[in-house]
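Each remark here refers to the structure printed beneath this line.
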There are 2 protein chains.
Amino acid sequence: MPRPRQPRLTRQLIVESATALIDAEGLPAFSTRRLAAELGVRGPSLYNHFATKDEILDAVADTVTGAVDTSGFVSRDWVTALRDWAWSYRRALTAHPNIVPYLAQGPGRRPAALAMADAVYGGLVRAGWPPARATHIGAALRYFVAGSALGSFARGFVEDPELYAAHYPHLRQAHRLAEHQQSVDEGAFALGLDSLLHGLAAEYARTVDPVESAGPTG
Amino acid sequence: MPRPRQPRLTRQLIVESATALIDAEGLPAFSTRRLAAELGVRGPSLYNHFATKDEILDAVADTVTGAVDTSGFVSRDWVTALRDWAWSYRRALTAHPNIVPYLAQGPGRRPAALAMADAVYGGLVRAGWPPARATHIGAALRYFVAGSALGSFARGFVEDPELYAAHYPHLRQAHRLAEHQQSVDEGAFALGLDSLLHGLAAEYARTVDPVESAGPTG
DNA sequence: CATCTAAACTAGCGGTGTAAGTTTTCATTC
DNA sequence: GAATGAAAACTTACACCGCTAGTTTAGATG
């Protein structure tokens, strides 16, 4: 069939369908032919709208990143802003966990990722952090959020715990928690994030604003 | 050619060659045919020694994880043990960064990853942490280390900074640091790790051992 | 010597991303 | 209104992928 009366594909349609496919069946199932079939079309037709497969993946990843809320950096104190951002970031990633391995490989040419980095960096510098420190903090939080979305500790455990329970005695209790994967992940994330922020606040008090933080009123 | 006088392949040879290939040319370049060519052999011959491609990757990943030192958990205080472990873990991953995306997706059936998890969990429980907390701490640190090895902030930036400098004003300074990628990553890692440990120590003092930590000598 | 197994081989299946060229529709311009 | 050119689908094809099946022969074992 040649060109139809009404185009069957648009960039937005492709991205939405790709997101749905990846969410439902995972990254390995996402192929150009498969996606095209989902759209009632023939594989190469996608190349009228995107130059490469990766460009489609970038668009999907950028949509996911675009859902992250960084508004706290203009309205709240930096600790609250970081906390809200990290949780929003985590929610955005865990809503589409299958795209995370692709997304985790750097901001690349995805504007939403760059806009996010810009907002975080700017907010921290405005709060008084030295530029180099602001870069470090943004990166450290990104590491933590991306790692938590990607490498769930529980996910990796295989089905039959007794298989290795004998060899790794301490894990006998731990991997039972694999059944509660989500709560383990959330608990680990909450603990790690709070600890990180606690440590950063201490560093801030020590190096950026010793006077205000040293007072008895906190 | 049929069976040679002396076997050309062994599991160890395959793993070593696969590691070298991945290190040198990245995960996408790693194919069974390509690896076989590197070994002077014909693709399918690999299946005499490994059942699937993923089994080869698991072996590579396990070798990498096996280089991580967890000995601190039997000889040092828990904070020092965590810090040493995290740095050793990071060194192991950054020595073979291209395998990290594969490795980050959970311990799976890789014995070294399970042994590492076991050592960390056991050490923390011995130090007095409640089992659930020990699981959370181990996971949080793993998130951070894996994320730092995987998603270097700097790596993702494209070559020409001026391209997006106009759109994201705050980043104008930040991405200049992309040239010093390694130092940025290390600085972010050091800051994040110290902050995490600082926060965990505070939590420990509050919930696990309030008496000893509250004294003026603590 | 006969037999069995191991470790290589060749051939091939169904899948991948994507390049090239074709066809037809639609929008624009003389 | 006819001609033109771009757009958006198509078909075909290439080189590669993981992997299976069956074959061949060297070495080990009875």
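Naming convention: chains lettered A, B, ... in sequence-line order (proteins, then strands); numbering from 1 in each chain.
Summarising the geometry, the separation between CZ on A:Arg42 and C1' on D:dA13 is reported as 15 Å, rounded to the nearest angstrom. A straight line from CG of B:Asp58 to C1' of D:dG18 spans 16 Å, rounded to a whole angstrom. Nucleotide C:dG17 holds its P atom 15 Å from the CZ atom of A:Phe50, rounded to whole Å. If you measure from atom CG of A:Leu39 to atom C1' of D:dC10, you get 16 Å, rounded to the nearest angstrom. One can place CG of B:Leu13 at 14 Å from C1' of C:dA7, the figure rounded to the nearest angstrom. Between A:Asp54 atom CG and C:dT16 atom P the separation is 16 Å, expressed in whole Å. Following rounding to the nearest Å, B:Leu46 (CG) and C:dA8 (P) show an atom-to-atom distance of 9 Å.
Side-chain contact between B:Tyr143 and A:Leu150 is absent, with no heavy-atom pair separated by less than 4.5 Å. A:Leu82 is listed as a side-chain neighbour of A:Leu200, based on a closest heavy-atom distance under 4.5 Å.
In the set D:dC19, C:dA8, C:dT18, D:dC19 carries the atom at the smallest distance from any side-chain atom of B:Tyr47. Side chain of A:Ser45, nearest nucleotide from C:dC9, D:dA9, D:dC19: D:dA9. Side chain of A:Lys53, nearest nucleotide from C:dT18, D:dC10, C:dT10: C:dT18.
Near DNA chain D, meaning a heavy atom under 4.0 Å away, the residues from residues 24-37 of chain B are B:Phe30, B:Ser31, B:Thr32, B:Arg33.
Ring geometry, B:Phe189 versus B:Trp87: the interplanar angle exceeds 60°, so the pair is classed perpendicular (tilted spans 30 to 60°).
Between A:Phe73 and A:Trp78, the ring center distance fails the sub-6.0 Å criterion.
No N or O donor and acceptor, one from the side chain of B:Asn48 and one from the base of C:dA6, sit under 3.5 Å apart.
A close approach under 4.0 Å does not occur between any side-chain nitrogen or oxygen of B:His49 and OP1 or OP2 of C:dA6.
Taking CD of B:Glu203 as the reference point, atom NE2 of A:His198 lies at 9.5 Å (rounded to 0.5 Å).
For B:Ser195 (side chain) and B:Leu191 (main-chain N/O), a donor-acceptor pair under 3.5 Å exists by modelled atom type. B:Arg11 places a side-chain N or O within donor-acceptor distance of the main-chain N or O of B:His49, the cut-off being under 3.5 Å.
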